[in-house]
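Bear in mind the structure is a predicted one, so any value in this text is a computation, not a measurement. Every chain is numbered from 1 and lettered A, B, ... according to where its sequence line falls, protein lines coming before strand lines. Only heavy atoms go into these numbers, but all of them, side chains included; no hydrogens, no water, no symmetry mates.
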Amino acid sequence: MAQPKFQSLKGMHDLLPPDSEEWLELVDRFRQHFGRAGYGYIQTPILEDLDVFARVGEGTDVVTKEMYDFVDKDGSTIALRPESTAGVARSFIQHRPLVPWKVWYSSQHFRHENTQAGRYRQHHQLGAECFGSDHSDIDIELIVGLWDFYRSLGLDRLTLHVNSLGDRETRVRYQELLRTYLSSHIEDLHPSDREKVQRNPLRVLDTKLSESQPVVARAPRLVDHLSETDLDRFEQVKSGIDRAGIPVEVNPRLVRGLDYYTHTVFEIMSDALETAQSTIGGGGRYDGLVEALGGPPTPGVGFGSGIERILLALRAEKVEPLARFALDAFIVTFGGGCPDPSALVLGLRRHGIGVDRALNQHNPRKQTERSRRVHPRFVIRLGKYDDRPDVVEVADQRDDSTWDVDLGPIASEQAANLADVLKRRR
RNA sequence: GUGGGUGUAGCUCAGUUGGUUAGAGCGCCAGUUUGUGGUACUGGAAGUCGGGGGUUCGAAUCCCCUCACUCACCCCA
């Protein structure tokens, strides 16, 4: 194909039917799933003050390299959100809702990075957050909730990884210890891991570079430095997940991309994805986040899950598409003496019947072929009887039965009459 | 930011050592059919061969540049 003059920007994609129908269905199911657990829908602006994001991820690529930030007309520095949690936390501080505050979102995020399978510059996440409770049951509720959501979609091949980073003091203390250790073995690390030692030493733990593995394997382990209370908390979360019947794998090298996490962190991977990005959802606890943004000390926990990656995983597991575009009825017209279908179509819609017709074909055979695309419940044949223009034949696609309906002689009542017949049958 | 792969019709792709007017399947349009159910047959429309430059009598094919897409690294959902 010759490239058109304009196409969507790199890593940003159009969403068209029928894929868009499946997308809406996915979001709707998420809404119902977390709605049942008491989570309300939240929307925050796509643009925020740059510092909202910068405060919470100083050492991370997400905010240092990949942010779409720019100077606004009034000179202020703003950014397209690279993730949602920071904006939701800002909103929490601004409105001070009753706690525990449980919200879910479906939002687009922007990261200026090179694209690959399951990785886009504009990507979409479903997520849920809870602010104002440090109860470990919330951690459990979110993790189990997300797992069950995936299962309800038909995903089967899932792996749950969890880890604990301890509280902030633990984390800071361990981070220093790790930095000291790694600095003394800096020569044995892969060059591209060396710079991370100062900036974000936890990140070295999950390196994929084999050259660094021996050093990392002998590094001090975070789990050995957790306090009694940290360990208790971690045990509660693990046993809660276990009681829900979900296989859980402790991964001591699991750290996360954003550095506001404390205590629980987790990821759910799709084992069906052969691509480099198999994590479809992840999150954890961020007890210091609200405070870092200038709010009162408030615990929080949440997750984000990539919609595009969920859909990739569904395809990889060969799950049938979640939704199909379907109409109640499709109108086929016969011959030159056929009444004009326009009024009937518009009238049926006013009476709550989803209906369409073929506009580019006049051969009934072609129209019938067209109707198969949209999987209507009923096919309505208009103008079939030359001597009785007010009679239509209705074909129920479910059981292949057909019958005639006399619409009556008064044009203004015909749509209502037919709508009644279809609704009774439906 | 770094590296690999791929660009030919709406889609998926053929296209020989460079050689007439660039092909197929699917899809689309129409007909066989004043007619109606996933079939069959017939015909039709549709391509600046991603773009630019070069070599050549001659380029989809060879060379250079460029753009786009894609996969991977980094990183992340």
Report task. Tell me what S305(A) touches on the nucleic acid: a base, only sugar-phosphate, or nothing, going by heavy atoms under 4.0 Å. Result -> nothing
Can you tabulate the close N/O pairs, meaning under 3.5 Å, that link protein atoms to atoms of nucleotides 2-5 of chain B?
from	atom 1	to	atom 2	distance (Å)
U2(B)	O4	N114(A)	ND2	2.8

**Report entry** Separation of the P atoms in G18(B) and G3(B), to the nearest angstrom
**Finding:** 31 Å
Report summary line: Heavy-atom nearest pair, E129(A) first then F303(A), reads OE1-N, 4.5 Å
Query raised in the report: For the rings on F30(A) and F149(A), is their centre-to-centre separation under 6.0 Å?
Result: yes
Report task. Establish, from distance only, whether the side-chain atoms of H161(A) and E249(A) form a donor-acceptor pair under 3.5 Å. Result -> yes
Query raised in the report: How is E393(A) classified with respect to the nucleic acid when contacts are heavy atoms under 4.0 Å: base, sugar-phosphate, or nothing?
Result: base
Requested in this report: Taking atom CZ of R221(A) as the centre, report whether more than 12 heavy atoms of other residues, nucleotides or ligands fall under 6.0 Å from it.
Outcome: no
**Report entry** Gap in Å between the two P atoms, one belonging to G51(B) and one to A59(B), rounded
**Finding:** 15 Å
**Report entry** Nearest-nucleotide 5' precedence on RNA chain B, A395(A) against N360(A)
**Finding:** N360(A)
Query raised in the report: How far, in whole Å, is C64(B) from A22(B) if one measures between their P atoms?
Result: 27 Å
Query raised in the report: Does OP1 or OP2 of G35(B) have a side-chain N or O of K384(A) closer than 4.0 Å?
Result: no
Query raised in the report: What distance, rounded to whole Å, do you find between the two P atoms, one in A46(B) and one in G10(B)?
Result: 11 Å
**Report entry** Which residue lies more 5' along RNA chain B, comparing K65(A) with E308(A) via nearest heavy atoms
**Finding:** K65(A)
Query raised in the report: How far, in whole Å, is C13(B) from U21(B) if one measures between their C1' atoms?
Result: 22 Å
Query raised in the report: In whole angstrom, what separates Q122(A)'s CD from A77(B)'s P?
Result: 17 Å
Requested in this report: Looking only at side-chain atoms of R111(A), point me to the closest of A30(B), A77(B), U34(B).
Outcome: A77(B)
Query - Atom pair distance, as rounded to whole Å: CZ in F110(A) and P in C76(B) - result: 20 Å
Requested in this report: With the side chain of Q277(A) defined as its heavy atoms from C-beta on, choose the nearest nucleotide among U36(B), G37(B), C75(B).
Outcome: C75(B)
Report summary line: Of U70(B), G37(B), C76(B), the nucleotide closest to the side chain of R372(A) is G37(B)
Report task. Provide, to the nearest angstrom, the distance between the CG atom belonging to L311(A) and the P atom belonging to A77(B). Result -> 18 Å
Query raised in the report: Would you say Q43(A) has more than 12 foreign heavy atoms packed within less than 6.0 Å of its CD?
Result: no
Query raised in the report: Less than 5.5 Å between centroids and less than 30° between ring planes, does H123(A) satisfy that with A77(B)?
Result: yes
Query raised in the report: Just how far, in rounded Å, is P of G38(B) from CG of D400(A)?
Result: 11 Å
Query raised in the report: Is R365(A) side chain donor-acceptor paired with the U39(B) base, going by distance under 3.5 Å alone?
Result: yes
Query raised in the report: Base, sugar-phosphate alone, or nothing: which one does G118(A) contact when heavy atoms must sit under 4.0 Å apart?
Result: base
Query raised in the report: side-chain hydrogen bond (donor to acceptor under 3.5 Å, both in side chains) with H124(A): which of R309(A), Q108(A), E308(A)?
Result: E308(A)
Query raised in the report: Could you give the CZ-to-C1' distance, from R121(A) to A77(B), as a whole number of Å?
Result: 16 Å
Requested in this report: Please state how far atom CD in E267(A) lies from atom P in C76(B), giving the value in whole angstrom units.
Outcome: 10 Å
Report task. Determine the interatomic distance between C1' on G25(B) and the same-named atom on C62(B); round to the nearest Å. Result -> 30 Å
Query raised in the report: Reckon R370(A) has a side-chain N or O less than 4.0 Å from the OP1 or OP2 of C29(B)?
Result: yes
**Report entry** Value in whole Å for how far the C1' atom of C29(B) lies from CD of Q367(A)
**Finding:** 14 Å
Query raised in the report: Which is true for T275(A) with a 4.0 Å heavy-atom rule: it touches a base, it touches only sugar-phosphate, or it touches nothing?
Result: sugar-phosphate
Requested in this report: Look at the side-chain N and O atoms of Q116(A) and state whether any lies under 4.0 Å from the OP1 or OP2 oxygen of A72(B).
Outcome: yes
**Report entry** Polar side-chain contact R381(A)-G35(B) base: donor and acceptor under 3.5 Å
**Finding:** no
Query raised in the report: For the residue pair F131(A) and Y286(A), is the inter-centroid distance of their aromatic rings smaller than 6.0 Å?
Result: yes
Report task. Would you indicate what F303(A) reaches in the nucleic acid, counting non-hydrogen atoms under 4.0 angstrom: base, sugar-phosphate, or nothing? Result -> nothing
Query raised in the report: Take atom CZ in R349(A); do more than 12 heavy atoms of anything else shown fall under 6.0 Å from it?
Result: yes
Query raised in the report: Is a donor on one side and an acceptor on the other found under 3.5 Å between the side chain of R381(A) and the backbone of E393(A)?
Result: no
Query raised in the report: Charged N to carboxylate O below 4.0 Å: is that the case for E113(A) and R121(A)?
Result: no
Query - P spacing across the pair G31(B) / U36(B), given as an integer number of angstrom - result: 12 Å
Query - Under 3.5 Å donor-acceptor pair, E113(A) side-chain atoms to A77(B) base atoms - result: yes
Query raised in the report: Partners of F266(A) by ring-ring contact (aromatic ring centres under 6.0 Å, His included), sequence neighbours excluded?
Result: none
Query - Syn or anti for G31(B) (syn when the glycosidic angle lies within 90° of 0) - result: anti
Requested in this report: Answer with yes or no whether Q397(A) presents, from its side chain, a donor or acceptor under 3.5 Å of a partner atom in the base of G37(B).
Outcome: yes
Report summary line: Note, RNA chain B 5' to 3' with Watson-Crick or G-U pairs under 3.5 Å encoded as ( ), [ ], | and . gives (((((((..((((.....[...)))).(((((.......))))).....(((((..]....))))))))))))....
Report task. Among the candidates C76(B), G35(B), A77(B), find the nucleotide nearest to the side-chain atoms of F334(A). Result -> G35(B)
Requested in this report: Sticking with atom P, work out how far U61(B) lies from G15(B), rounded to a whole angstrom.
Outcome: 15 Å
Query raised in the report: Looking just at side-chain N and O atoms, do Y181(A) and E176(A) make a donor-acceptor pair shorter than 3.5 Å?
Result: no
Query raised in the report: Nearest-Å distance, CD (E66(A)) to P (C73(B))?
Result: 14 Å
Query raised in the report: Are Q125(A) and S305(A) close enough, and set up right, to give a side-chain hydrogen bond (donor to acceptor under 3.5 Å, both in side chains), and what steps lead you there?
Result: CA-CA 5 Å; Q125(A) 285 183 28; S305(A) 179; over 6 Å; no
